[in-house]
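The structure appears below as structure tokens.
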Amino acid sequence: MFERSRKGERALLLQPQPPGGNDPVLLEEFAELARSAGASVVGSLSARVERPNPRYFVGTGKADELKSQREALGADLILVNHALSPVQERNLEKLTACRVVDRTGLILDIFAQRARSHEGKLQVELAQLKHMSTRLVRGWTHLERQRGGAIGLRGPGETQLELDRRLLGERMKQLQKRLDKVATQRAQARRARMRNELPVVALVGYTNAGKSTLFNALTGAGVYAADQLFATLDPTLRRLPDLDSGPALLADTVGFIRDLPHDLVAAFRSTLAEARDADLLLHVIDLADPEREQRIVDVEAVLAEIGAGDVPQILVYNKIDQVEGLQPRLDAGEAGAPPRVSVSARDRRGLELLREAVAGRLAAERVEAVLHLPPTAGRLRARLHQQGVVAEESADESGWRVRIDAPRLLVEPMFGLPDGDGAWLRERLLAPSEDETYNPRATAH
């Protein structure tokens, strides 16, 4: 075995390519990921991979070439832009006498550097431990030895490897319990915001599209924004002022990327719930990126994976300052297509058009009506309060006058109430009329 380098600053990139394909954008993005992790890219090597080699992932000839190039460039780290099996990673390390990290490990390392909140650190550690648990047998032979054999060292007969796996399992259970508790607290905070009738607008998009810069421009917040991948991990919420539809909350979320590790998506599910539970998504797109159409597809795939695929969207084409001749513009969208707004978050151009689009969409996604409920409708009144859709209420001898003002997402689940109550609510809330008489049986028939 070999002594694994602890430096890991001079990186050699290995970019697998499908047969007949050679996409330089993949290598450029991977190089940016490496630099975001703090590595210095000293070289790269492309490898045509039609069918992954079980031993090295790449062919034996390409693996030998990788070894030679690593020695020539003096690299102390090899980064592979693909997920490797533990066996492939270990065999490459043994062949090249160099530390090997796959795409998943690299992204996890970046997340570990950037996490700031208690929840973010727990999520990253859990994802890292899940990734590490299958890679314990690597460059350390002591993991295969049993304890015992000398005075004071006789153990329970468990190998060091088995002991480490058991300790990892126990640690992952502890982290999961803590995350479940934090997720419960976040859910309670979201329910409180919904009861306070404050709609939530969440920024989503491919990493480095300018979400945090746009967040600062809209809210005046001072969150960290930089021209690097995954500059923001922890969700931040600020009040979004100057909307014609009333105040709202704006949430800045973690950026997405193609082939985002599934363990990371699972670990950050509670954080990404800010997007899933939002009333409106601002999908920020880098207009200057030649691969923007593919980026949109990648973001939509992650949104579908976390259950946010059906949340209403506004497409925000950012960075018009980097494209000559473009001006701020608002396109309403036709045939159910989401509105499109072109802005420059850095120069603060087009923000008024964006606020106009957000206010219009939020107003369309809220339900406002006045209901007159007789004393016999006490059960329906209780359900309205339980769902948190009642903005104002007054009572007299004829019953209750209830004013509804709530997001459509809160109101629509009540349309399935039994005994005709749901059908009556649907008719009164979606198509208000002068006749507000409570008569669910007549509506049901």
Side-chain angles (χ1 to χ4, degrees), residues 15 21-36 41 201-232 240 242-243 250-260 275 280-303 311-361:
Q15 174 60 58
N22 185 16
D23 189 356
V25 176
L26 296 177
L27 182 58
E28 291 174 9
E29 182 184 83
F30 192 54
E32 185 61 32
L33 273 175
R35 286 187 284 269
S36 296
V41 179
V201 181
L203 292 169
V204 298
Y206 208 79
T207 182
N208 208 26
K211 296 184 299 301
S212 296
T213 304
L214 181 61
F215 182 83
N216 289 336
L218 289 171
T219 64
V223 302
Y224 179 69
D227 185 17
Q228 58 184 200
L229 303 185
F230 300 119
T232 301
L240 182 59
D242 303 327
L243 292 180
L250 185 64
D252 188 16
T253 62
V254 62
F256 301 153
I257 196 170
R258 73 176 76 188
D259 300 325
L260 193 63
L280 178 65
L281 298 180
L282 299 186
H283 183 170
V284 183
I285 302 161
D286 184 353
L287 189 59
D289 187 350
E291 296 291 316
R292 60 180 177 273
E293 296 302 324
Q294 181 59 44
R295 304 284 190 254
I296 295 174
V297 173
D298 294 333
V299 171
E300 294 292 347
V302 178
L303 289 175
V311 180
Q313 289 188 24
I314 294 177
L315 301 181
V316 183
Y317 286 85
N318 189 27
K319 304 185 182 181
I320 61 171
D321 53 282
Q322 297 183 16
V323 182
E324 186 177 355
L326 288 185
Q327 297 296 325
R329 181 178 176 181
L330 169 60
D331 296 322
E334 299 179 357
R340 300 156 56 106
V341 187
S342 301
V343 303
S344 171
R346 187 182 66 177
D347 297 342
R348 298 176 180 266
R349 296 164 54 203
L351 299 187
E352 290 306 317
L353 293 177
L354 179 56
R355 288 191 177 93
E356 177 185 336
V358 170
R361 199 63 191 250

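No experiment lies behind these values; they were computed from the predicted model shown.
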Distance, nearest 0.5 Å, that separates CD of Glu352 from CG of Leu330 | 12.0 Å
Answer yes or no: are there more than 12 heavy-atom neighbours, outside Arg329 itself, under 6.0 Å from its atom CZ?
-> no
Shortest non-hydrogen contact from Ala217 to Ala345?
-> CB-O, 3.9 Å
Spatial distance of atom CG (Leu354) from atom OH (Tyr317) [nearest 0.5 Å] | 14.0 Å
Glu291 side chain near Glu28 side chain, heavy-atom distance below 4.5 Å | no
Is it true that the side chains of Gln327 and Arg349 contain a donor and an acceptor less than 3.5 Å apart?
-> yes
Heavy-atom side-chain proximity of Lys211 to Asn318 below 4.5 angstrom = no
Do you know the tightest heavy-atom contact between Pro328 and Gly350?
-> CB-CA, 3.6 Å
Heavy atoms of Ala357 and Val341 approach each other most closely as CB-CG2, 3.9 Å
Would you call Val343 and Leu353 a side-chain contact if the rule is heavy atoms closer than 4.5 Å?
-> no
Looking only at heavy atoms, what is the nearest atom pair of Ile320 and Ser342, with distance?
-> CG2-CB, 3.8 Å
Please name the pair of heavy atoms, one in Arg361 and one in Pro339, separated by the smallest distance, quoted to 0.1 Å.
-> NH1-CD, 3.0 Å
Testing Lys319, Arg292, Arg295 for side-chain hydrogen bond (donor to acceptor under 3.5 Å, both in side chains) with Asp286, which one passes?
-> Lys319
Taking side chain as C-beta onward, heavy atoms only, is Asp252 less than 4.5 Å from Leu214?
-> no
Separation between CD1 of Ile314 and CG of Leu280, rounded to the nearest 0.5 Å | 4.5 Å
Can you find a pair of side-chain heavy atoms, one from Leu303 and one from Glu300, that are under 4.5 Å apart?
-> yes
Check: Leu282 and Leu250 side chains under 4.5 Å, non-hydrogen atoms = yes
Any side-chain heavy-atom pair from Glu29 and Tyr206 closer than 4.5 angstrom?
-> yes
Given Arg346, which of Asp321, Thr213, Asn216 fulfils the side-chain hydrogen bond (donor to acceptor under 3.5 Å, both in side chains) condition?
-> Asp321
Flag the pair Arg35 / Val41 as yes when at least one side-chain heavy-atom distance between them is below 4.5 Å, and no otherwise.
-> yes
